[in-house]
Every structure is written in structure tokens, then in C-alpha cells.
2 protein chains.
Amino acid sequence: MSEPSSEIADAPAASTTTKTRQPSSRRNGGTRRVSMREVAQQASVSVATVSMVLNDNPRISKATQIKVRRIIEKLGYRPNRLAQSLSSQYTRVLAVLLPPLRHAFSDPYFGELLSGICDRADRLGHKVMLESAKPDFLRERKHMELFERRFVDGMFCLGVNDRHPFVKDFAAAGFPMVCVNNYFPDLNLDYVVADYRSGAEQVMNVLLQLGHKKVALIAGASEAQTVRDIMGVYFARMHDAGFDADESWTADGRFTEEGGAAATDEVLKRHPDTTAIFACNDKMALGAMHRLMDMGKRVPQDVSVVGFDDIQQMAFVNPSLTTVHLPLYEVGTRACEMLVQRVRGKTQKIAERMPAHLVLRDSTSIVSDRG
Amino acid sequence: MSEPSSEIADAPAASTTTKTRQPSSRRNGGTRRVSMREVAQQASVSVATVSMVLNDNPRISKATQIKVRRIIEKLGYRPNRLAQSLSSQYTRVLAVLLPPLRHAFSDPYFGELLSGICDRADRLGHKVMLESAKPDFLRERKHMELFERRFVDGMFCLGVNDRHPFVKDFAAAGFPMVCVNNYFPDLNLDYVVADYRSGAEQVMNVLLQLGHKKVALIAGASEAQTVRDIMGVYFARMHDAGFDADESWTADGRFTEEGGAAATDEVLKRHPDTTAIFACNDKMALGAMHRLMDMGKRVPQDVSVVGFDDIQQMAFVNPSLTTVHLPLYEVGTRACEMLVQRVRGKTQKIAERMPAHLVLRDSTSIVSDRG
DNA sequence: GTTAACTGCTTAAACAGTTTACCAGATCAT
DNA sequence: ATGATCTGGTAAACTGTTTAAGCAGTTAAC
């Protein structure tokens with residue numbers, strides 16, 4: 001007890017015995033924040049007890065449960081999830097990595113996947129964070145930082161393909177990740193996809209049955225395995241039908257309307273007698289239809305058009321588009337269930353295909369010109 | 001040195017003096033997590049110094065900076081943001097609250113806003129979290145929990161209107177929130193909107209100049225102030241033009257294609273001599289165009305159609321749609337800048353209108369039938 | 001010649017939870 | 001009566017940061 005200065009210096013030492021750390025009266029957003037400590041004080045129990053009450057730990061008696069919960073209610077206490085996560089090592093946040101397309105967010109294809117993911121994540125008590133895989137995002141390894149800095153527990157990769165080697169970083173580091181509606185046969189990564197092969201089979205069946213032989217294929221990026229699956233089926237079925245299509249019957253439409261239109265130009269220049277166009281997604285099919293009409297060709301009388309995905313708008317175009325319905329929403333929900341399982345420690349590989357089916361509408365008809 | 005058990009018990013007491021708390025060797029996702037403490041040890045400085053190095057505190061000497069950074073590099077240290085946020089009271093996460101529409105995520109309108117928000121948030125060092133304002137989400141006050149439990153620093157509200165009284169909760173609690181492309185004149189909430197009035201003026205000008213008098217208006221939800229703004233302009237300009245339109249000239253299209261089609265039916269039943277349809281968004285305009293064509297009316301020869309929003313796809317339909325271009329992407333980026341300012345403590349009210357302009361395309365023409 | 005403001009760094013107290021080891025009292029078997 | 005087990009709870013260590021306060025020496029201002 002010498003001088004005032006030492007008194008202050010002694011204070012912390014004293015407090016370690018009396019343990020009366022006053023609750024912070026700091027205000028945030030105008031509301032006084034109430035912490036677990038205050039609940040504990042008011043309920044005359046320890047913070048450990050409060051924690052156990054919140055986590056429904058069976059070691060807490062019914063009486064204490066009720067007592068503590070009443071105080072929680074009274075004080076309007078809400079556990080701080082930063083502290084929870086820091087301590088428990090779980091963030092309960094999942095990231096969705098989207099391709100850096102200008103309109104990725106307004107693309108119904110991604111939208112459906114995202115809807116499925118978000119809905120299921122919510123049900124499973126997880127939050128969803130959005131990330132765009134811009135070049136410098138990847139260069140700076142931000143996709144890894146998301147895990148390393150404990151932003152998220154898991155990650156969905158949408159719209160990735162062989163040109164995106166970063167996907168294997170996650171597996172290498174042991175971070176939970178699932179490829180949504182895409183896969184890498186030789187990379188041993190988790191994935192959930194629609195059954196593109198079966199969808200393509202159904203398309204080729206109906207086109208061949210309608211008498212089409214001169215079928216052109218508008219592919220998207222051929223770096224995607226799903227697109228290669230479609231191409232594989234296309235070439236095989238054309239061969240079976242006695243018509244060996246070569247590369248000249250295909251063109252890349254980059255998954256966009258504009259690309260689909262350009263690809264249509266390209267293919268029809270090479271093969272003016274084309275009677276059907278099979279596009280690997282609906283947007284390209286739409287571009288193809290418009291271009292065909294611009295050329296003065298009628299759909300489906302002169303040329304049949306088939307799409308892939310069955311995005312909402314396509315029932316509304318004229319003529320309505322025959323396409324393969326992909327259960328994108330369900331792929332999203334399933335992917336989410338899978339990722340959450342993986343986050344919780346499940347170790348077997350995740351790989352699932354979901355059924356796709358043809359939706360016959362007005363953009364296809366029996367072949368008129370038997371060339 | 002009595003017995004082994006007391007030796008263990010003594011350990012913590014000893015550590016308070018020697019301060020040798022061993023770094024956790026816990027593994028997460030297969031990678032050993034390295035904490036600031038380890039960096040400090042290796043660099044022979046205190047954790048505070050490491051923290052200051054990371055935060056570019058000018059009080060740290062160049063030499064120490066370099067020394068510490070080298071160790072950080074060597075160890076591959078990444079600061080744990082949960083701990084950072086817990087300590088600093090900033091999460092650097094913003095939430096986007098979307099209306100619980102089945103296809104909200106694939107709606108280009110929301111997509112554009114979202115793109116703008118996400119891009120700017122990224123540049124400003126913030127993460128974006130997605131939330132859907134489902135009825136029970138609001139009932140359980142989860143929108144408040146997002147703040148109370150320190151999930152986020154701020155919130156964007158998209159697609160809200162007068163039927164969503166929850167928006168004022170944020171202001172009441174003092175939580176940073178900005179209404180995106182919507183506003184509440186009497187609620188004193190922050191907002192960033194496109195200039196719907198000016199857009200509507202431009203539409204009415206061009207329609208009147210083209211000779212149209214029998215102009216029908218397809219509104220969305222009239223609970224939205226922006227829609228009321230358009231209606232106000234519509235009625236005023238119709239009046240100025242000597243044609244007092246009443247309620248029978250308007251119909252609600254609920255912002256959807258289907259609704260737009262139905263509204264078109266409704267209005268044309270009442271007024272078969274309608275020469276122009278002004279829809280409050282592009283989707284309804286598209287629905288209107290399709291329905292008109294189904295009825296055997298030509299667009300624009302028989303009926304002109306004007307939309308609002310200028311979503312990407314609309315340049316691609318046939319005929320291409322005359323519409324008001326709203327700078328949705330920019331509204332998103334601006335809203336984000338504003339919200340971040342608010343999070344950082346800015347106190348003046350945020351209220352901004354961004355210019356909109358008419359895009360004249362092929363769905364409008366001079367009136368043919370001067371009724 | 002004192003006071004004040006740097007300087008570059010350290011110490012320790014926050015931040016707000018979870019979890020483990022331990023402990024006192026009650027119950028039960030021997 | 002005695003030791004073992006069960007019950008319901010507590011204290012303290014732990015998660016990994018930020019930051020206010022302090023320290024001892026130098027320098028500029030009054």
C-alpha cells in the first residue's frame with residue numbers, strides 16, 4: 001500500500017482472486033450487449049452451466065435448465081457466434097464459389113443451384129457466403145484463405161472445369177469441398193451432378209426417332225466433363241444410327257445466347273442441310289433459335305432445336321423449347337447435405353448423379369427434309 | 001516435487017510466470033494451424049508486436065517489420081478472423097436480405113443488384129452473406145439475430161415494400177441497413193434507388209410523342225414506393241395530355257411474366273382499344289408481349305409495349321423491348337459503399353437516386369389506330 | 001530545468017464463449 | 001462403517017486476436 005500508482009498496479013492481481021470482472025457496458029448499435037457472464041451472475045450459476053444449458057447438455061438438471069432459460073429470456077441474451085466459433089472450431093458458414101462471369105448471379109442456371117444450396121443450408125443451420133472466382137482471387141490464394149482464416153467450414157464449387165486446377169487445392173489441404181453439377185473423373189473430388197449422359201441419350205433417342213440424321217451439336221466449354229459426356233453420347237448414337245458425325249458437326253457456343261447464335265452460323269455454313277440442333281444448354285439453344293429465324297428458317301418445321309437445363313424462362317419462349325430437365329435445385333440441396341456431412345467428419349468419397357429427363361415441347365418435330 | 005498429480009496441477013501456475021503456453025498442435029483439415037503466438041515466439045517478439053506488424057502500425061520499426069514478416073511467411077501464418085472479429089467488434093461481413101421468391105436468385109433484377117453489391121464489397125474487404133426473408137425467418141426475428149449474434153456488420157434489404165414492416169427494426173435498434181432500389185418516404189431509412197420518376201417521365205414522353213393516348217399501365221405490387229412513383233407520373237402525364245386515365249387502365253402483374261400476361265388480358269378486356277402498354281418491369285412486359293401475340297395483335301404495329309429495368313435478356317427477345325435502363329449494378333455498388341460508410345460510423349442519412357434512361361428499341365412505334 | 005511528446009516495444013486485460021478436470025454430496029454395494 | 005459410483009455443478013484453461021497502459025531513453029518546447 002505504498003503510493004497510488006502501485007494501487008492501480010495491484011488492482012489486476014486483486015481481481016484474479018475476487019473474480020469480479022465487470023461486464024462491459026460498451027454499446028454496439030445502440031443496444032447494450034449482454035454476455036453469458038451476466039446471465040450466469042443473474043442466475044447464480046457459472047458460465048459453464050449457462051453454456052451447457054444452451055447446448056442441452058444432459059448433465060444439467062431440469063430445474064437449473066428452467067432457471068437459466070428464464071434469465072436468458074429476461075435479459076434477451078443472444079450467444080455471440082464469433083466466440084462460439086472461435087472456441088468450437090466451427091463457423092457454420094459455407095462458401096459458394098461462382099465463376100467470375102459478369103452475369104453469373106442473374107443466370108438462372110446458377111440461380112437454381114444457389115436456391116437449392118441456400119434453402120438446405122438454412123435448414124441445416126448454416127449460413128452461405130458468396131465468392132466470385134476472379135483471376136486475382138485465385139492468384140492470391142484467397143480460396144484457401146477462406147478456410148485458413150476460418151471464414152468457412154466448407155465450399156461449393158460451381159461452374160468449374162478442367163481449366164480450373166485450383167479445385168484440387170482443397171482436397172490436397174483436406175478442406176471440405178464439393179463440385180456442384182460438374183466432376184473430374186481422375187481427381188477424386190467430391191461431387192453431385194445431374195445425369196448428363198442419360199439426358200443426352202434421351203435427346204438423341206427422340207431426335208433419331210423423329211427421323212433426324214443431320215444433327216449438329218452446340219457444345220459449351222469442352223473443358224467441362226459434363227459437356228464431354230454429352231458429346232460422347234452424341235457421337236456414339238450418331239454412329240449407331242449409321243451417320244458418323246465428325247468435328248465439323250459441332251461448334252462451341254460458350255454457354256451464352258450470343259455464342260449459340262454464332263455457333264449456329266458456323267455449323268449451318270458447313271452443313272446447310274442440318275435438320276436438328278442439339279445445344280448443351282438452354283441459353284445457347286435460344287441463341288440458335290433466334291439465329292435460325294433470322295436466317296428465315298422455321299423452328300421446328302425446318303430445323304428442330306433441343307436445349308439442356310430446362311431453365312424457367314424456356315417454357316415461355318416461342319416456340320417453347322424441348323429440353324432436358326436437370327434437377328438443379330435438387331442438385332443444390334443434395335450437394336449441401338453432402339458438404340455438411342463432410343464438414344461433420346464423414347470420410348467416404350461423395351459422388352452422386354441425379355436423374356434428368358427430357359421435356360418434349362414445341363421446338364422439335366419430325367424431320368421434313370429427308371436429306 | 002511431491003507426487004506426479006500435484007506436478008500436473010502446478011504446471012499452470014508455473015506457466016503464468018514462465019509464460020510458455022505451448023501452441024496447440026491440433027490439426028484442422030489436415031493442416032497444422034499456426035497462431036500468432038508461434039510467430040511471436042519464433043521472431044522473439046510479443047504477440048502485440050506481431051499484431052501491430054499485421055496492422056501496419058507505424059510504431060513498429062522497419063527492421064522488426066521485416067523480421068516478423070519473414071517468420072509469418074516462413075510459417076505460412078494466417079490470422080484467424082474469428083479472433084480478430086471477436087476482439088475488434090467488426091465482422092466485415094454484410095448480409096443481403098432477399099425476398100423469399102422461389103426464383104429470386106435466378107432473377108436478373110436481383111442478380112444485377114447482387115453483382116454490384118458483391119463486387120464492391122470484395123473491393124472494400126467485406127464478405128457477403130445471403131439470407132432469404134422467409135416468413136418464419138422474420139417471425140423468429142432472425143434478421144435481428146444476424147446483428148445481435150455478430151454474424152454481420154450491416155444489411156442490404158432487396159425487394160422490400162410497405163408490407164414488410166420489419167425493415168424499421170434495424171433503424172430502431174441502430175443497426176446499419178440500406179434499402180436497395182426501394183425506399184420509404186416516411187420511415188427515415190437509408191436507401192439507394194434508381195430514379196423511377198425520371199424513367200417514367202421519359203416513357204410517358206415518348207409514348208405521348210408517338211401519339212399514344214390509350215396507354216395502360218401494368219403495375220407490380222403497388223405496395224412498393226417505386227411503383228407508386230411510376231403510377232404517379234403515369235396519371236399526371238395522362239392528365240396533362242388531356243386523357244384522364246382511371247384505375248381501370250391499370251392492373252397488377254406481380255412482377256412476373258405470368259402476371260404480366262394476365263394483367264394484359266384484364267386491361268384489354270376492359271379497353272380493347274389500348275394502343276400501348278407500359279409495364280413496371282421487363283418480365284411483365286415480356287408476358288404482355290407474348291399474350292398480345294397470342295391474341296393475334298402485333299407488337300408494335302397494333303400495340304406498343306414498354307418495360308422497365310432493362311435486364312440483359314430483353315435485347316434478345318423479338319421484337320426487342322423498349323425499356324428504361326436502370327443502373328442496377330451501380331445501384332448495388334453505391335449501396336455497398338454507403339453501407340460500409342454507415343458501418344464505419346457515418347451518421348448522416350443516406351439517400352441517393354441514380355439516373356435512369358430510356359432505351360428505345362423495336363417494341364414501340366407511332367400509333368396506327370388513332371382512336 | 002522541467003515538462004511533454006516521441007520512440008519501439010511489452011504486458012496484460014479485454015473480447016465471449018466451450019470444454020475438461022475436478023469436487024462435494026448422495027446413493028449403493030460390501 | 002467403508003469404499004465405489006453417480007449427479008450436478010464449478011473453476012480454470014483454452015480458442016486467437018486487439019488495444020490500452022506502461023517503460024525507459026531521447027528530444028523539443030517553454
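Chain letters run A, B, ... following the sequence lines, proteins first and then strands; every chain starts at 1.
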Exercise for the section: Could you state the atom-to-atom distance from CZ of Arg150(B) to C1' of dG17(C) in whole Å? Expected result: 14 Å
Exercise for the section: Taking only the side-chain heavy atoms of Ala48(A) (C-beta and beyond), determine which of dC15(C), dG8(C), dT10(D) contains the nearest atom. Expected result: dT10(D)
Problem - Rounded distance (Å) that lies between atom P of dG16(D) and atom CD of Gln84(A) - result: 17 Å
Handout entry: Heavy-atom side-chain contact between Phe105(B) and Ile117(A) under 4.5 Å
Key = no
Exercise for the section: Classify the nucleic acid contact of Arg149(A) as base, sugar-phosphate or nothing, counting any heavy atom under 4.0 Å across all strands shown. Expected result: nothing
Practice task
May I have the distance from Tyr90(A) (atom OH) to dG17(C) (atom C1'), rounded to whole angstrom?
Solution key: 17 Å
Completion exercise
Taking five pairs at each terminus, the helix from dG1(C)-dC30(D) to dT30(C)-dA1(D) shows an axis bend, to 10°, of 50°
Fill in the blank from the handout: Against the side chain of Ser51(A), the closest entry in dC15(C), dT10(D), dT18(C) is dT18(C)
Exercise for the section: Let me know the distance between NZ of Lys67(B) and C1' of dC9(C), rounded to the nearest Å. Expected result: 10 Å
Exercise for the section: Ignoring the backbone of Arg37(B), work out which of dC15(C), dG16(D), dT18(D) is nearest its side chain. Expected result: dG16(D)
Practice task
Would you mind telling me which of dT7(C), dT17(D), dA12(C) lies closest to the side-chain atoms of Pro79(B)?
Solution key: dT17(D)
Problem - Whole angstrom value for the distance that separates P of dT18(C) from CG of Leu54(A) - result: 7 Å
Problem - Sugar-phosphate, base or nothing in reach of Tyr77(A), heavy atoms under 4.0 Å - result: sugar-phosphate
Handout entry: From dC9(C), dT17(D), dT10(C), nucleotide with atom closest to Ser35(B) side chain
Key = dT17(D)
Using distance only, find each side-chain donor-acceptor pair of residues 125-138 of chain B under 3.5 Å and give its atom names and separation, not counting sequence neighbours.
unit_1    : atom_1 : unit_2    : atom_2 : d
His126(B) : NE2    : Arg92(B)  : NH1    : 3.1
Lys127(B) : NZ     : Glu131(A) : OE2    : 3.0
Glu131(B) : OE2    : Lys127(A) : NZ     : 2.9
Lys134(B) : NZ     : Asp119(A) : OD1    : 3.4

Exercise for the section: Side chain of Met52(B) only, please: which of dT19(D), dT20(C), dG17(C) is the nearest? Expected result: dT19(D)
Handout entry: Sugar-phosphate only, base, or nothing, as touched by Ile60(B) at under 4.0 Å among non-hydrogen atoms
Key = sugar-phosphate
Practice task
Give me the ring orientation class for Phe166(A) and His164(A): parallel if the planes are under 30° apart, tilted from 30 to 60°, perpendicular past 60°.
Solution key: tilted
Exercise for the section: Taking the side chain as every heavy atom from C-beta outward, state whether Asp169(A) and Phe147(A) have any atom pair closer than 4.5 Å. Expected result: no
Practice task
Output yes when at least one side-chain N/O atom of Ser46(A) is less than 4.0 Å from OP1 or OP2 of dA11(D), else no.
Solution key: no
Practice task
Check for a donor-acceptor pair, side chain of Arg69(B) on one end and backbone N or O of Val53(B) on the other, with a separation under 3.5 Å.
Solution key: yes
Fill in the blank from the handout: Rounded to whole Å, the CZ-P distance (Arg78(B) to dT17(D)) equals 12 Å
Problem - Donor-acceptor contact present, side-chain Arg150(A) to main-chain Arg81(B), <3.5 Å - result: no
Practice task
Compare side-chain N and O positions of Asn55(A) against OP1 and OP2 of dT18(C) and report whether any pair is under 4.0 Å apart.
Solution key: yes
Exercise for the section: With heavy atoms under 4.0 Å as the rule, sort Val45(A) into base, sugar-phosphate or nothing. Expected result: sugar-phosphate
Practice task
Give a yes or no on whether a salt bridge exists between Arg70(B) and Glu73(B), defined as a side-chain N under 4.0 angstrom from a carboxylate O.
Solution key: no
Practice task
Between Val47(B) and Ala83(B), name the one whose nearest nucleotide on DNA chain C is closer to the 5' end.
Solution key: Val47(B)
Problem - Quiz item: Arg33(A) side-chain donor-acceptor pair to dG17(C) base, under 3.5 Å - result: no
Exercise for the section: Please check the phosphate of dG8(D) (OP1 and OP2 only) for any side-chain N or O of Ser61(A) closer than 4.0 Å. Expected result: no
Practice task
Measure the shortest side-chain to side-chain distance between Gln65(B) and Asp56(B) over non-hydrogen atoms and say whether it is less than 4.5 angstrom.
Solution key: yes
